[in-house]
Number of protein chains: 2
Amino acid sequence: MATIHDVAKKAKVSVTTVSRVLNNRGYISEATRAKVFKVMEQLNYQPNEIARSLLRKQSNVIGLIIPNVAHPFFGEFANHVENYAYGKGFKMLLCNSQLDPVKEKDYIDMLKRNRVDGIIMGSHTLQVEEYIHLNSPIVTIDRQIGTDIPYISSDNRMGGSMAAKLLLAQGCRKIAHICGNLELQLLANRRTEAFLEVMKENGMEPVVVQTDIDVFQQLQYGRIIRRLFEEHPDIDGLFATSDIIAAFVIKECAAIGKRVPEDVKIIGYDDINAASWMMPPITTIKQPIEQMAQMAVDLILQQMNEEEYRPENVLPVSLIERATT
Amino acid sequence: MATIHDVAKKAKVSVTTVSRVLNNRGYISEATRAKVFKVMEQLNYQPNEIARSLLRKQSNVIGLIIPNVAHPFFGEFANHVENYAYGKGFKMLLCNSQLDPVKEKDYIDMLKRNRVDGIIMGSHTLQVEEYIHLNSPIVTIDRQIGTDIPYISSDNRMGGSMAAKLLLAQGCRKIAHICGNLELQLLANRRTEAFLEVMKENGMEPVVVQTDIDVFQQLQYGRIIRRLFEEHPDIDGLFATSDIIAAFVIKECAAIGKRVPEDVKIIGYDDINAASWMMPPITTIKQPIEQMAQMAVDLILQQMNEEEYRPENVLPVSLIERATT
DNA sequence: GTTGATATGTCAAACGTTTGACATACGAAG
DNA sequence: CTTCGTATGTCAAACGTTTGACATATCAAC
């Protein structure tokens, strides 16, 4: 790989001059500029960003830690993060924790060793302490840890409440709710809280089941849902904490001969792309995934530049009515 | 951030000694080793990988360029690449080209500037020349460019042929095929070739429609499929080049009152996770996504280490029969 | 002729680490 | 006592770049 020295030598100028045209500083005549660029072209020169990063003490890399990109929600999120970051001149290092606490810690250390400019943390199994002496910019998704670290979430309470009201308005009498594991202290738990509050206000007491810790072992969904319907065959409305769970519920309903939405009304959460092209298309609470992703990047940049930033960021959700309610 | 000098000073040893314990080389007494590690702990020291990379001339980063991680196939692929690479001590820089030739070129340059150890290229809009003077290790997914650059694909011909045979065996009389845009010179085109060959051998001539270049604008699918069924209302079998397209076909069939699989049999390609939890679950040709991902990483490592490697890697597919046929 | 803007050059330090060459010191084995 | 293995140290170069300080030269304007 050609270095700046090679370019300088071939263009018969000093490295300083090459550096100057590269960084557009100081006086440079058009002739020299053109000559230098031409040589760069010829040598197929690409400035070594590693050396630059070392000197600049800035890598222009953002680390993203999520459970798994193959999960549609995180896949869409990661896509938007990367896109937006790219527009701002940043790269994205992707880490799939698989919700393994060891890997999660490991990834944090790895990102620190690589001097990323910030970390977007979308995977949460760790104790809070691990983050505390993390002096680099960070932002969490759907989890609040201390008051100093900014977080982003959708308006989970609003979402839970909207879901409850919709099922009630549609006349459901026996309602169930499948939530994530409540021990992971995610803000998503607020969906459940708000959902149950609204239910209680209306004199209803839904059946609630939690998924296991490892949310992405999709095999468990079938089992959980099957048992739910076995124990409560009269369920006629269900709020699932993700569209994927909702999809599994639809599948299970088909298996046991219940019609959706005639016999059972189902509402999901997230509004992943698949929610609209599934059959039947899923009624869901839409999280503004792209906006959340952009805000995450912005919060990193603001911390980097020591600008003001909002520590608490709850973005509005919206109800998307499709064919399952 | 603490440097190796801070550690040395605090531990009252030389930087050389610290470096020695860090890299496990030369003689080090247990006492010093322990002392140094203790200080590192106290200072929360993380060796600067940027400096290391610069010196070592190796970044331990692999760049992955794909159209979009939000697309389930690429999301699953990216997950497996990252996982496997992580196990081998490599990080993954993710690039979503959005199938934009300009971004694609830009990303290649960016990855070169960042001295990644290799590039896994899963997005292909460029002319071949762009890759040619790319001296770093590279491997392409589903595209062959020259004989020097290794590629990986599933056995597209086999897949196309299996799909054709299945539809024929199930007695379909009016068969359609939706393929990607054939101008992108993907190996996926071979699915179409083999599919048509088998059809021809059996005296059938399927209707073939291509999607537009930007395969991921899912909006177009509905339109294309709607027109297909308008022009050929008697279609009773369809092979789609991806499970997502298959899902859209299912959706369209529901809209126009055709039953799947009774009236129309549908077979997809990829076997993304969603294929199994969709309703009805999709019959499809399974690509060994994880194996392809691991092989991609291995091919990069082999090139890095100047080991022998196989330039052509066609992995077997399998037919997964579910409920749409 | 002086001044000032423009253009380029030289030189060295800095970023944080590794590595090789070499020196020194201690203790044990011969 | 010599030799060798162990343990540590000093020093400097290297990776590729940026940057500041400073020097020099040309050319135009005054």
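Proteins come first, then strands; the chains are lettered A, B, ... in the order of their sequence lines, and each starts at number 1.
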Among the candidates C:dT17, D:dG16, D:dT10, find the nucleotide nearest to the side-chain atoms of B:Ser14.
-> D:dT10
Out of C:dG9, C:dG16, D:dT18, which has the shortest distance to the side chain of B:Ala51?
-> C:dG16
For DNA chain C, which residues in residues 15-29 of chain A have a heavy atom at a distance below 4.0 Å?
-> A:Thr16, A:Thr17, A:Arg20, A:Tyr27, A:Ile28, A:Ser29
Does anything in residues 31-38 of chain B reach DNA chain C, meaning a heavy atom under 4.0 Å, and if so which residues?
-> none
Axis-to-axis angle between the two ends of the helix from C:dG1-D:dC30 to C:dG30-D:dC1 (five base pairs per end, rounded to 10 degrees) = 50°
Without hydrogens or angle criteria, can the side chains of A:Thr17 and A:Ser14 be said to hold a donor-acceptor pair below 3.5 Å?
-> yes
Just how far, in rounded Å, is [atom2] of [N] from [atom1] of [X]?
X	N	atom1	atom2	value
A:Lys12	C:dA7	NZ	P	21 Å
B:Asn48	D:dT17	CG	C1'	15 Å
A:Ile50	D:dT18	CD1	P	14 Å
A:Glu30	C:dT6	CD	P	14 Å
A:His5	D:dA14	NE2	C1'	11 Å
A:Arg52	D:dT19	CZ	C1'	13 Å
B:Gln58	D:dG16	CD	C1'	17 Å
A:Met1	D:dT17	CE	P	10 Å

Given side chains that start at C-beta, do those of [X] and [Y] come closer than 4.5 Å, heavy atoms only?
X	Y	result
A:Pro150	A:Gln302	no
B:Pro72	B:Asn273	no
A:Leu94	A:Ile66	yes
A:Lys103	A:Ser123	no
B:Met292	B:Met295	no

Full working for side-chain hydrogen bond (donor to acceptor under 3.5 Å, both in side chains) between A:Gln98 and B:Asn79 | CA-CA 10 Å; A:Gln98 314 295 349; B:Asn79 177 47; 3.1 Å; yes
Less than 4.0 Å between a side-chain N and a carboxylate O, is that true for [Y] and [X]?
X	Y	result
A:Arg33	A:Glu30	yes
A:Lys105	A:Asp109	yes
A:Arg52	A:Glu49	yes

Any B:Lys57 side-chain N or O less than 4.0 Å from OP1/OP2 of C:dT18 = no
Do the side-chain N or O atoms of A:Tyr45 get closer than 4.0 angstrom to the phosphate oxygens (OP1, OP2) of D:dG16?
-> no
Over 60° means perpendicular and under 30° means parallel, so classify the ring planes of B:Phe77 and B:Phe73, tilted if in between.
-> parallel
Applying side-chain hydrogen bond (donor to acceptor under 3.5 Å, both in side chains), run through A:Asp298 and A:Tyr84 and close with a yes or a no.
-> CA-CA 9 Å; A:Asp298 283 335; A:Tyr84 190 68; 3.0 Å; yes
